[in-house]
Each structure stands twice: as structure tokens, then as C-alpha cells.
Trainee: 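Take this structure, written in C-alpha cells, and hold onto it; I'll ask about it next.
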Amino acid sequence: MKFTPVPQRISLNFLKQISFLRSVSQAALYDLSAAASNHFYESGTMIFCEGDQTAGLYFIEDGRIKISRFTIEGREHILHVYGVGNTFNDVSALDGGRNPATAIAFTDATVWRISRADLQEVAKRHPELAWSLIESIASRTRSLVSLVESLSVRTVKGRLAHLLLEQAESNNANEVPRLMTHEEMASHLGTVREMIGRALNSLAAAEIIRVDRHQITILDIERLAAEAEI
């Protein structure tokens, strides 16, 4: 089963929780709500493929979505793992180009999709939405700059510390919401699984984190943040 569409309207309260929509008018949110369609994806389901025609803009209501690119040899590089309240596929929804990456349900997930044509129509009626979308893209650009810096400057342990902090922050707790496999972490951080194992063992030996079978718990967030800056 690829997805299950559900005939309902997205909650305006949910839309208000999305950072770049907080300054948008109630009327614009209502029009976005009317244009969005609801879909449920089981964990592991591919939502859309890199290189296909734009699938539109997505809002995550529940679960987590993995955004990846694949080499010709089939090796995966994880660009992001987004959670509740995040959007994805913003770039192709705005420029009309092909999907720049592949989206896969990292867990069971409920998302809302609005097509590029509908998004354009709503933005024409509500210019403040267009400006908010520009701000959203600018924010994503900053994140990409940060990613490039992380890959070029930080050690593997520093990149891993940064990833753990990001994942814990998205869960509003000192626990990473789902333990990625070493292979998934390696794909996300541009390294190999053996290096991830060493970095985790080093952080655990220093009593900065605790690694259980299915969970990573941050024991000392200040020291982990210090490792992320090295």
C-alpha cells in the first residue's frame, strides 16, 4: 500500500504551528487548508522519487520523513530526517523543477500535500504567503550552508554530536526519537558505519550519551554541544 488518502481538511491550528506560516493571515491559512490533501504512508514507503516531476509541497502532521539522494551505484546519502511541523519538497514546489531528492516515510507518517498549481493560486490571492515562502527557502539555504560547513570542518564525532542534538531538539527531549542504524547515520553524515560505531563508543565512554538497544539518551547536553563545535 503506497498511501491512503483521507477526505478531511487540515487543521488551521496545525498550520499555525509551522514556523514560516505564523505571520500569515487566517484567510491564507484557510485557502491552504482547502487546497491540501491528506495522505498516510507506512514506514519505508517511497513518497516520491528524485528526478520525477514536482510532487508539490508537503506538511508533516505525524511521523518522520527521510529525504535522500542516491549515487549511480545505489549508495544512499541522507540529507534530512524531518518531523512533525516541518515541510519538505519546497524547492521544486516553488521553482517547478523536478524533485531534487527522494522522500521516504522513515516511520508511519501522515502528511498533507498541496500541488504547485494550487500553491501558486493561493499565493497570488495572499501576497504575504509568497513572502513567507521566500523566508522559508532562505532558512533552508542557511541549513545547507551549515551542512556544507559540518561536512568540511567537523570530525565524524563532531558531526554525530550535532546530529544527535538536532534529533533530540526535534523531539523536545534528551532522547533521540528513533535510533537510526549505523548505516543510516553514516549515510546522513557522509562517512562509513565503522566510524559511526567508534564515535558512539567514544561519546558513551565519556558518559556524554548512553546507548541502549533501541534508544540513545543524552546524559550531558552541554558536553555534547561542545563536541558538536569541535
Trainee: Checking T107 side chain against G63 main chain: does a donor-acceptor pair fall under 3.5 Å?
Mentor: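 Looks like no, no N/O pair under 3.5 Å.
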Trainee: Check whether S132 reaches the backbone of F20 with its side chain - one donor and one acceptor, N or O, closer than 3.5 Å.
Mentor: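 Confirmed, S132 side chain pairs with F20 backbone.
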Trainee: Taking the side chain as C-beta and beyond, is there a heavy-atom pair between L200 and M185 under 4.5 Å?
Mentor: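 Yes; the side chains approach each other to less than 4.5 Å.
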Trainee: Determine whether a donor-acceptor pair (N or O, by modelled atom type, separation under 3.5 Å) exists between the side chain of E207 and the backbone of L219.
Mentor: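 No, E207 side chain to L219 backbone: no donor-acceptor pair under 3.5 Å.
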Trainee: Check this for me, if you would: do E194 and R198 make a salt bridge, where the nitrogen-to-carboxylate-oxygen distance has to be below 4.0 angstrom?
Mentor: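 No salt bridge links E194 with R198.
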Trainee: Any side-chain to backbone donor/acceptor pair from N86 onto G83? Under 3.5 Å, distance only.
Mentor: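 A pair under 3.5 Å: yes.
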Trainee: Is any side-chain heavy atom of L160 less than 4.5 Å from a side-chain heavy atom of T191?
Mentor: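 Counting from C-beta outward, L160 and T191 never come under 4.5 Å.
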Trainee: Identify the heavy atoms of G56 and N89 that sit nearest to each other, and give their distance.
Mentor: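 So the minimum-distance heavy-atom pair works out to O-ND2, 2.9 Å.
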Trainee: Compare all side-chain heavy atoms of D108 with those of T45 and state whether any distance is below 4.5 angstrom.
Mentor: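 No; the side chains remain at least 4.5 Å from each other.
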Trainee: Would you say the side-chain atoms of R193 pair up with the backbone N or O of E183, donor to acceptor, closer than 3.5 Å?
Mentor: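 A pair under 3.5 Å: no.
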Trainee: Show your reasoning for whether side chain to side chain donor-acceptor pair (under 3.5 Å) applies to S23 and E128.
Mentor: CA-CA 8 Å; S23 61; E128 79 274 15; over 6 Å; no
Trainee: Applying the ring pair (Phe, Tyr, Trp, His ring centres under 6.0 Å) test to Y58, which of Y82, Y41, F88 qualifies?
Mentor: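 Testing each of Y82, Y41, F88 against Y58, the sole residue satisfying ring pair (Phe, Tyr, Trp, His ring centres under 6.0 Å) is F88.
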Trainee: Counting C-beta onward and ignoring hydrogens, is there a side-chain heavy-atom pair between I134 and L94 closer than 4.5 Å?
Mentor: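 Sidechains of L94 and I134: no contact.
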Trainee: Of L21, L29, V24, which meets side chain to side chain contact (heavy atoms under 4.5 Å, CB included) against K16?
Mentor: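 The single option meeting the side chain to side chain contact (heavy atoms under 4.5 Å, CB included) with K16 is L29.
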Trainee: Please check this pair: side chain of R116 against backbone of G97, looking for a donor-acceptor N/O pair closer than 3.5 Å.
Mentor: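 Absent.
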Trainee: What pairs with S202 under side chain to side chain donor-acceptor pair (under 3.5 Å), at least two apart in sequence or on another chain?
Mentor: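 With neighbours one apart ignored, the set is K157.
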Trainee: Look only at the side chain of R113 and the backbone of A55, and say whether a donor-acceptor pair between them is shorter than 3.5 Å.
Mentor: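 Flag set: sc R113 to bb A55 pair under 3.5 Å.
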Trainee: For I67 and A103, work out which heavy atoms get closest and say how close.
Mentor: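 Closest pair (atom of I67, atom of A103, distance): CD1-CB, 3.8 Å.
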Trainee: As an exercise, state the distance from CD1 of I10 to OH of Y30, rounded to the nearest 0.5 Å.
Mentor: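 Atom-to-atom, I10:CD1 and Y30:OH are 13.5 Å apart.
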Trainee: Can you name the nearest heavy-atom pair linking E227 to A161, along with the distance?
Mentor: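 The answer is CB-CB, 3.9 Å.
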Trainee: Please confirm whether the backbone N or O of G51 pairs with a side-chain atom of N99, one donor and one acceptor, at under 3.5 Å?
Mentor: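 Side chain of N99 to backbone of G51, a donor-acceptor pair under 3.5 Å: no, none is there.
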